[in-house]
Amino acid sequence: MSKITSDLNLYNTADRAVSKFIPLNPGKVGIYLCGATVQAPPHIGHIRSGVNFDILRRWLTAIGYDVTFVRNVTDIDDKILHKAVHEEIPWWAVAMKYERAFSDAYAALNVAPPTYEPRATGHITQMIQLMEKLIANGSAYAPGNGDVYLEVRKLKSYLTLSNQKLDDLLSADDADLTYKKDPRDFALWKAAKPGDPSWPTPWGDGRPGWHLECSAMAHAYLGEAFDIHGGGLDLIFPHHENEIAQSESAGWDFAKIWMHNAWVTTSGEKMSKSLGNSLQVMEILKKVRGIELRWYLGSAHYRSMLEFSFEALEESSVNFRRIEGFLQRAKGLLKSDIQPSISAQFTAAMNNDLAVPQALADISELVRIGNTAITDNDLTTLAKSASEVRGALEILGCDPFDPIFADSSNSKSEILDGLISLALEQRSAARERKDFAASDAIRDSLTALGITIEDTPTGSRWTVN
RNA sequence: GGUCGGAUGGCCGAGAGGCGAGGCUCAGGACUGCAAAUCCUGCUACACGGGUUCAAAUCCCGUUCCGACCUCCA
């Protein structure tokens, strides 16, 4: 096992402060991230959460922790059932279709698959066991209509994560007190409605409420207590409060640190699902590469709102291409693969609650130093800076040499390389005999094809735009 | 009504008492046959009004505006 090499500090929503991370078990970290409800294709807000927590996971791994990363799939809920009716296909076909869409989007952005990716419907047994426990110890009740509720007034710690008081909550308009003891009591389990999928329980046939699955699955894969529970800001209440209520009622310590990512916004507002298709991940990937979209989504601090615009995405891509170009040049000059390493500044930034923007400033400085080293033909300095740039990019999931981002058309690019080299030889010959009209004509032709030429002291380089 | 967050230069985006993060754009320069790439220089900002302090973008009080959550939510 590698040594833990640094002191990590993380923000905990539960106490609204950054503090030193101390794992429950030395050398190990358990993380549970609330994943997608698979009822529509992912938009960039969904995937930002995936990217942010992927960076956390990579950093924890880099500094020596053995990370168990669980991200669930909610494959049963009201919207999935509605969509099934609307699309006239079974509910499970809807869930699988969009689960695949999410998996594809994660893969396109180099978000590593979780250690475990449990589906809610695969854990009904664990949910029933949890409900039995909660009913047996008086925390929950089954009033006979097929629903099972958690009695929130019995819990002293309820709403401590969101710092609210039970009586201050707006009461739900549709609160039905026929069966509920209190309007704020929430459903662990919902009685079956005609035509809906259902599973048998001691209290009648039905399906899981939204909150129960995460408590049951986090417990199944990470135990009664684990280090980090993550999700979007909007999950704090009610979802995470209710998870805490269920789990603590069962006598579990549950999550020690709560981390929440902020939204991608448009026009200052939270992205809404009614915006249409334009901000779906796969639509945006028609305009920029996955590595560039990831660079953009990862570049703001995870707790800051990221105001999306195509202009900002483009300028972020320009910034990334400068770094990428540097690494490509460095690789050519060093005549070997660049070995990733982690700079002290990058470590300091990441340990400060994953201060990626601070890390980006360090990367820019390293690129500048490296580019200057290229001009000075200082290969020692170049090797060091290139190595540190690559190491940082690897943690951010944006290593241009990562095979996941490699161009799949390798055999084609060999042919292309040969053809362009041929043209460049002609151009060099023309330049040597000072026939600049001819050499510029070749360059202009290549430019028109989307190929950019750079003349360097050691010859001409080309890149496809 | 309760709870939480935000307002920083042309744009994006950090910071959280004292040297103007960084990027993008733009302008000028170096290099180049000309370009491209790269490097250098410049563009001196923190919503408003008070206060604390030797010193405030940062802390305190007040104000305005924007956003989020309050049982669908990344």
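Letters go in sequence order (proteins before strands), and every chain restarts at 1.
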J.: What is the distance, to the nearest angstrom, from the CD atom on A/Glu315 to the P atom on B/G13?
T.: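 The answer, rounded to whole Å, is 9 Å.
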J.: Could you check how far CZ of A/Phe53 sits from P of B/A74, rounded to whole Å?
T.: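 Taking CZ of A/Phe53 and P of B/A74, I get 13 Å after rounding.
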J.: 5'-most contact on RNA chain B: A/Asn352 or A/Asp362, nearest heavy atom basis?
T.: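 Final value for this comparison: A/Asn352.
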J.: Which ring-ring contact (aromatic ring centres under 6.0 Å, His included) pairs, counting each pair once, include a residue from residues 374-394 of chain A, with sequence neighbours left out?
T.: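 Pairs touching residues 374-394 of chain A that pass the test: none.
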J.: Can you give one letter per nucleotide of nucleotides 33-41 of chain B, 5' to 3': B if a protein heavy atom sits under 4.0 Å from the base, S if only from the sugar-phosphate, - if neither?
T.: BBBBSSSS-
J.: Without swapping roles, check the side chain of A/Thr37 against the backbone of A/Gln39 for a donor-acceptor pair under 3.5 Å.
T.: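 The answer is no, because no donor-acceptor pair under 3.5 Å joins these two groups.
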J.: Paired with B/C39: which nucleotide, if any, by Watson-Crick or G-U wobble criteria at under 3.5 Å for both distances?
T.: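 Partner of B/C39: B/G29.
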J.: With a 3.5 Å cut-off and sequence neighbours excluded, list the donor-acceptor pairs that the side chains of residues 442-452 of chain A form with protein atoms.
T.:
from: A/Ser445; atom 1: OG; to: A/Ala441; atom 2: O; distance (Å): 2.9
from: A/Thr447; atom 1: OG1; to: A/Arg443; atom 2: O; distance (Å): 2.8
from: A/Thr452; atom 1: OG1; to: A/Asn465; atom 2: OD1; distance (Å): 2.6

J.: Return the residues of residues 387-400 of chain A meeting this criterion: a heavy atom under 4.0 Å from some atom of RNA chain B. Order them by number, or give none.
T.: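 Nothing qualifies; none.
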J.: Under 3.5 Å, sequence neighbours excluded: what are the donor-acceptor pairs made by side chains of residues 230-245 of chain A?
T.:
from: A/Asp234; atom 1: OD2; to: A/Lys270; atom 2: NZ; distance (Å): 3.3
from: A/His239; atom 1: ND1; to: A/His211; atom 2: ND1; distance (Å): 3.0
from: A/His239; atom 1: NE2; to: A/Glu243; atom 2: OE2; distance (Å): 3.0
from: A/His240; atom 1: ND1; to: A/His260; atom 2: NE2; distance (Å): 2.9
from: A/Glu241; atom 1: OE1; to: A/Leu159; atom 2: N; distance (Å): 3.2
from: A/Glu241; atom 1: OE2; to: A/Leu161; atom 2: N; distance (Å): 3.1
from: A/Glu241; atom 1: OE2; to: A/Ser162; atom 2: N; distance (Å): 2.5
from: A/Glu241; atom 1: OE2; to: A/Ser162; atom 2: OG; distance (Å): 2.6
from: A/Asn242; atom 1: OD1; to: A/Tyr158; atom 2: OH; distance (Å): 2.5
from: A/Asn242; atom 1: ND2; to: A/His211; atom 2: NE2; distance (Å): 3.1
from: A/Glu243; atom 1: OE1; to: A/His229; atom 2: NE2; distance (Å): 3.4

J.: Respond yes when some side-chain nitrogen or oxygen of A/Thr37 is under 4.0 Å from OP1 or OP2 of B/A74, and no when none is.
T.: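 For B/A74, OP1/OP2 do have a side-chain N/O of A/Thr37 under 4.0 Å.
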J.: For a quick test of reading the model: is some side-chain N or O of A/Lys165 closer than 4.0 Å to OP1 or OP2 of B/G1?
T.: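 No, outside the criterion.
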J.: Could you tell me the separation between the CG atom of A/Asp353 and the P atom of B/G15, rounded to a whole number of Å?
T.: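 Distance check: A/Asp353 CG to B/G15 P gives 9 Å.
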J.: Just to verify, what does A/Val318 make a side chain to side chain contact (heavy atoms under 4.5 Å, CB included) with, not counting sequence neighbours?
T.: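 Residues passing side chain to side chain contact (heavy atoms under 4.5 Å, CB included) with A/Val318: A/Glu314, A/Arg321.
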J.: Is the phosphate of B/U3, meaning OP1 or OP2, less than 4.0 Å from a side-chain N or O of A/Asn163?
T.: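 So the side-chain polar atoms of A/Asn163 never come under 4.0 Å of the phosphate oxygens OP1 or OP2 of B/U3.
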